[in-house]
Protein chains: 2
Amino acid sequence: MRHLLRSGLQGLPALLLLAAVAGAATNAVNPAPPPKPSVSFAEILKTSKPEEWRRPDPANTLYMDLGSGRVVIELAPQFTPLHAANIRTLAHGNYFDGLTIYRVQDNYVTQWGDADGKRPLPIASKLAPEYTLSPIGAINFTKLPDGDVYAPEAGFVDGFPAARDPATKTAWLVHCYGMVGAGRDLDDETGPGAELYAVNGSPTRHMDRNLALIGRVLQGMNLLSSLPRGTGDGLGMYEQVDERVPILEVRLAADLPEAERLKLEVMRTDSPSFRAIIEWRRNRHDDFYKVPAGHVDVCNIPVPVRTVP
Amino acid sequence: MRHLLRSGLQGLPALLLLAAVAGAATNAVNPAPPPKPSVSFAEILKTSKPEEWRRPDPANTLYMDLGSGRVVIELAPQFTPLHAANIRTLAHGNYFDGLTIYRVQDNYVTQWGDADGKRPLPIASKLAPEYTLSPIGAINFTKLPDGDVYAPEAGFVDGFPAARDPATKTAWLVHCYGMVGAGRDLDDETGPGAELYAVNGSPTRHMDRNLALIGRVLQGMNLLSSLPRGTGDGLGMYEQVDERVPILEVRLAADLPEAERLKLEVMRTDSPSFRAIIEWRRNRHDDFYKVPAGHVDVCNIPVPVRTVP
């Protein structure tokens, strides 16, 4: 006996998408049209159009190489331009090379940077706190239909999970699994981007608007989430120096020759195919699911990433 | 430079609790009373009364011993009595000893049981699907004030995160980090409790009411979350037999002599101290947090567990 408990992403041969996905209006008088033919997540990906995908900007893509493999992070200069500039400067100057992952707290964060505080910082140590975008400007917000516990509206901007408050005309990135932020001290100007963390468990949404989220992990999050948990200070610090995980190097994709850059594409979150994925996550109609959720949380929708030839 | 990004649980010396925590009604005319003196999470624990804690029933507490340490799971017979009975039978008969953790899918589940399906099952292979409690009966539901994306109401029952629908008079446990469920095949009667999984990332709330949640990890979740991710079938299966993590033994605490049982206590989720923790999670007023969240999700509140002398 081996009960598979099928994944959210794979292995489900027969997923029905609600007719609403295709934009069909329901009609209270006429009977609803028959359901569309079953469409699987794989089918959504397969039938997606080339223009529904984008290649992340190499100038805003980081490769963090560990002994165990590569972590790819896409920066979010739409929300945190000053942090993105700092991190580009740091990566360009090889600042992170030889530093370490020194903190892994269970169901909280994996954090890296200069554990001993000995490396000279080639950027100013203070930076304006880019926690909330205001004015919102021209961001392309794909709003989710089911609300949010923490914010007036939740959705996606350019592949990043985000929230928006129409009343105050502000928007901000949100702390979902795999989101990357800038650690800081008590002073909210003390997180210039030299110490970074990734959310490794439940969304830490109470941190929204209190820290600068600088991007998200596109690939390799498993390398950060599967590390041993630290035992120090009740904060997951590695207490012994030899527990720390060396960062071999962090490079900006733009600093590498074209041939050495990964050929990654991210699905556009304002595309019809992504809207189909939202609906697929809201209402699973395959044989495994007996009760469709009918709702979906912003942190429970995968934004597809693929490697192209 | 070492930016700590303080934990949700530790290290914060000066947390203000809103006056509302103590039950003070606000008054639109008279000015609000001055804030209560600062109270830390540690202070809430310290000032909690002995009767605000309970010792989990040894007959519903599992010790799963791995080479890396012990995982303690509290069963939830209030919601899944048939599954609890099955699991007690399995543990009592040493069924799990020598089986393995054979699946770790990133940001999804860690799963264990009989990977090869060769061990005779000492219970019936089918069991009624205990996904939703109906009628609710006498459960003690501590309702959260900020709503929920997936359910009409969210809250806690006896230390377990749960949801409730007053319209249908049903309640169910929810898939937060560290919750444990019974894996199954497509047929919803095929998950009798011999294959178990723990949520190791974002809450998989779309699985609510589709699988039987049988309890939660009280201690040792870090041992399940830090395992290497599997690469098989896109489902996190360990492809090589030697990747599997042996389960040394699974025992019911009640089957051990009193002296060998752990002295754990769980905070009662209907207690004033737990209500103070809910409010502390909703609105952090310490020096680190600049913008109190003002809301809290059911999966973002820790239920304290402590070891007593």
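Below, chains carry the letters A, B, ... as their sequence lines are ordered, and counting in each starts from 1. Scope of the values below: all heavy atoms of this structure, side chains included, with no hydrogens, waters or symmetry mates.
In this structure, the separation between NE2 on B:His206 and CZ on A:Arg282 is 14.5 Å, given to the nearest 0.5 Å. To the nearest 0.5 angstrom, A:Tyr177 atom OH is 9.0 Å from B:Tyr177 atom OH.
Counting heavy-atom pairs closer than 4.5 Å to chain B, the top residue among A:Ser202, A:Gly113, A:Ala293 is A:Ser202. The candidate from B:Gly201, B:Gly147, B:Gly181, B:Gly178 with the greatest count of non-hydrogen atom pairs under 4.5 Å with chain A is B:Gly201. Of all the listed residues (A:Asn107, A:Asn222, A:Asp146), the one sharing the greatest number of non-hydrogen pairs under 4.5 Å with chain B is A:Asn107.
Within the 4.5 angstrom heavy-atom criterion, no atom of B:Val298 approaches chain A. Of the atoms belonging to A:Val296, heavy atoms from both backbone and side chain fall under 4.5 Å from chain B. Proximity to chain B (any heavy atom under 4.5 Å) is shown, for A:Pro203, by both the backbone and the side chain.
Taking both residues in full, the closest heavy atoms of A:Tyr150 and B:Asp297 are given as OH-N, 3.0 Å, listed atom of the first, atom of the second, then distance.
Here the side chain of A:Tyr131 pairs no donor or acceptor atom with the backbone of B:Val291 at under 3.5 angstrom. Looking at A:Arg209, its side chain never comes within 3.5 Å of a backbone N or O of B:Pro292 through a donor-acceptor pair. Distance alone, capped at 3.5 Å, places no donor-acceptor pair between the B:Arg284 side chain and the A:Met207 backbone.
When only modelled atom types and interatomic distance are considered, B:Asp106 and A:Ser225 share a side-chain donor-acceptor pair under 3.5 Å. Side-chain atoms of B:Tyr289 and A:Asp188 form no donor-acceptor pair, as typed in the model, at a separation below 3.5 Å.
Annotation for B:Lys290: atom NZ counts as buried by contact number, over 12 foreign heavy atoms lying within 6.0 Å.
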